[in-house]
Amino acid sequence: MAAWTSTTVSLSRSAAIRTRLGRGVILLAGLALAVAGWQSLDRTWHSAEWVAAADGLRGGGETMPPARLEAGIKELQRLQRPQADELGALAFLHYAAAENALAANDGDGWRWELSAAAAAARQSLILAPTRADLALVLAEAEFLQHGATAAVYPPLALSYRTAPRELWIAQRRIALGLRLLAVAPREIAEDVTSDIRILGEPFRDSSRYQLLAEAALVAGPAAVTAVERELGRGHPWPFQLFEQDLAELSAKRGLSATARPPQPSPR
């Protein structure tokens, strides 16, 4: 009986120990989950700020002070296993930093930032292959670094395929499209013409026609002719406003409407 009682007590103790251990494991697991959840929330909170800031940059209408750009780049670079939107934000921050470097005549910084923007855009596109905005950034970075090489056209084509009629991206895309128009493959040239039609639709915001005039003037006489030809097929109002904007911009720069202005290049 004593032996049986001793065995029963031992079994009871073992069961109690296992119960306590089980509770301890559950508690530790709960704490680990809570820590992981807090870290995830903290990361999302901080990275969301930069993703939102990059959204303002991607249309080309907003700017950011160099110090803030640098802070955002450093914070996003510290992330472990960054997500597509975080990599996309990093690409736009690097691209904006490249524009600042160009304005400061910092050729080395311009090249480095463009290369970093292209790398971040490529990584993001692996995770989110339908991001038309990042495809366009990659195409722009390739063009600015290496000119109208074959590497420019696949990401640009992806941008057209995934966002064929979105106005905001057409407004940004037209600058690169018009500069490539004379040498681009036929499919790309047709896509550029489609963006001209989008921006040249009649009875819209007149700033669209000014944007077309600015992009065409920078791209050169062939681009000016292409826009005039396309707008001349429709309502006369967009054509007339385009011509007025073109003449005003040319006068400000001391150029004829068909002259090509010098292209700033830090290379």
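Since this is a predicted model, take the numbers as computed values, not measurements.
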Do R172 and F92 meet the cation-pi criteria used here (NZ or CZ under 6.0 Å from the six-membered ring centre, within 45° of the axis)?
no
Please tabulate, one pair per line, all N/O donor-acceptor pairs under 3.5 Å involving side-chain atoms of residues 118-129, not counting sequence neighbours.
from : atom 1 : to   : atom 2 : distance (Å)
R122 : NH2    : E142 : OE2    : 2.4
S124 : OG     : A84  : O      : 2.8

Using salt bridge (Lys or Arg N to Asp or Glu O under 4.0 Å), reason through R173 and D191 one step at a time and then give a plain yes or no.
CA-CA 10 Å; R173 194 165 53 199; D191 289 327; over 6 Å; no
Do I188 and I169 land in one hydrophobic cluster if side-chain heavy atoms of ILVMFWY residues count as linked below 4.5 Å?
yes
Side-chain heavy atoms of E201 within contact of P238, under 4.5 Å
no
Do T149 and F143 have side chains that approach each other closer than 4.5 Å (heavy atoms only, starting at C-beta)?
no
Path from W237 to L211 over hydrophobic side-chain contacts below 4.5 Å
no
Minimal non-hydrogen separation, E86 against S47, with atom names
OE2-OG, 3.0 Å
Would L181 and L246 show up in the same hydrophobic cluster when neighbours are defined by side-chain heavy atoms closer than 4.5 Å?
yes
Which value, rounded to the nearest 0.5 Å, describes the distance between D245 atom CG and E243 atom CD?
9.5 Å
Atom of L76, atom of A89 and distance for their closest heavy-atom approach
CD1-CB, 3.9 Å
Atom CD in Q171, atom CG in D205: separation rounded to 0.5 Å?
8.0 Å
L158 side chain reached by L136 side chain, heavy atoms, under 4.5 Å:
no
Spell out, yes or no, whether L167 and L134 are grouped together once hydrophobic residues are joined by side-chain heavy atoms under 4.5 Å, including indirect joins.
yes
Would you mind reporting whether N100 and W110 have side-chain heavy atoms less than 4.5 Å apart?
no
Any donor-acceptor pair under 3.5 Å from Q145 side chain to A141 backbone
yes
Find out whether D195 and Y160 are in side-chain contact, i.e. whether some heavy atom of one side chain is under 4.5 Å from a heavy atom of the other.
yes
Flag side-chain contact, heavy atom, 4.5 Å: H94 against Q77:
yes
Please test E49 against R68 for salt bridge (Lys or Arg N to Asp or Glu O under 4.0 Å), starting from the C-alpha separation and ending with a verdict.
CA-CA 12 Å; E49 174 188 357; R68 181 163 167 76; 3.4 Å; yes
Can you check whether L199 reaches Y209 side chain to side chain, under 4.5 Å on heavy atoms?
no
Got a list of side-chain donor-acceptor pairs under 3.5 Å for residues 222-232, not counting sequence neighbours?
from : atom 1 : to   : atom 2 : distance (Å)
T225 : OG1    : P221 : O      : 3.0
E230 : OE1    : R233 : NH1    : 3.1
E230 : OE2    : R197 : NE     : 2.9

For a 4.5 angstrom cut-off between non-hydrogen side-chain atoms, does L217 reach S250?
yes
Tell me, with the steps shown, if L178 and I196 meet side chain to side chain contact (heavy atoms under 4.5 Å, CB included).
CA-CA 9 Å; L178 287 177; I196 294 173; 4.0 Å; yes
Backbone N/O of G109 and side chain of D106: donor-acceptor pair under 3.5 Å
yes
Is a donor on one side and an acceptor on the other found under 3.5 Å between the side chain of T193 and the backbone of A189?
yes
For a quick check under 3.5 Å, do Y95 and E140 share a side-chain donor-acceptor pair by atom type?
yes
Verify same cluster id: L138, Y153 (apolar side-chain graph, 4.5 Å):
yes
So, for R131 and G88, which heavy atoms are closest and what is the spacing to 0.1 Å?
NH2-CA, 4.5 Å
Applying side chain to side chain contact (heavy atoms under 4.5 Å, CB included) to W50 and I73, what does each step give before you reach the verdict?
CA-CA 9 Å; W50 299 112; I73 288 170; over 6 Å; no
Could you report the tightest heavy-atom contact between P164 and I198, atom names first, then the distance?
O-CD1, 3.5 Å
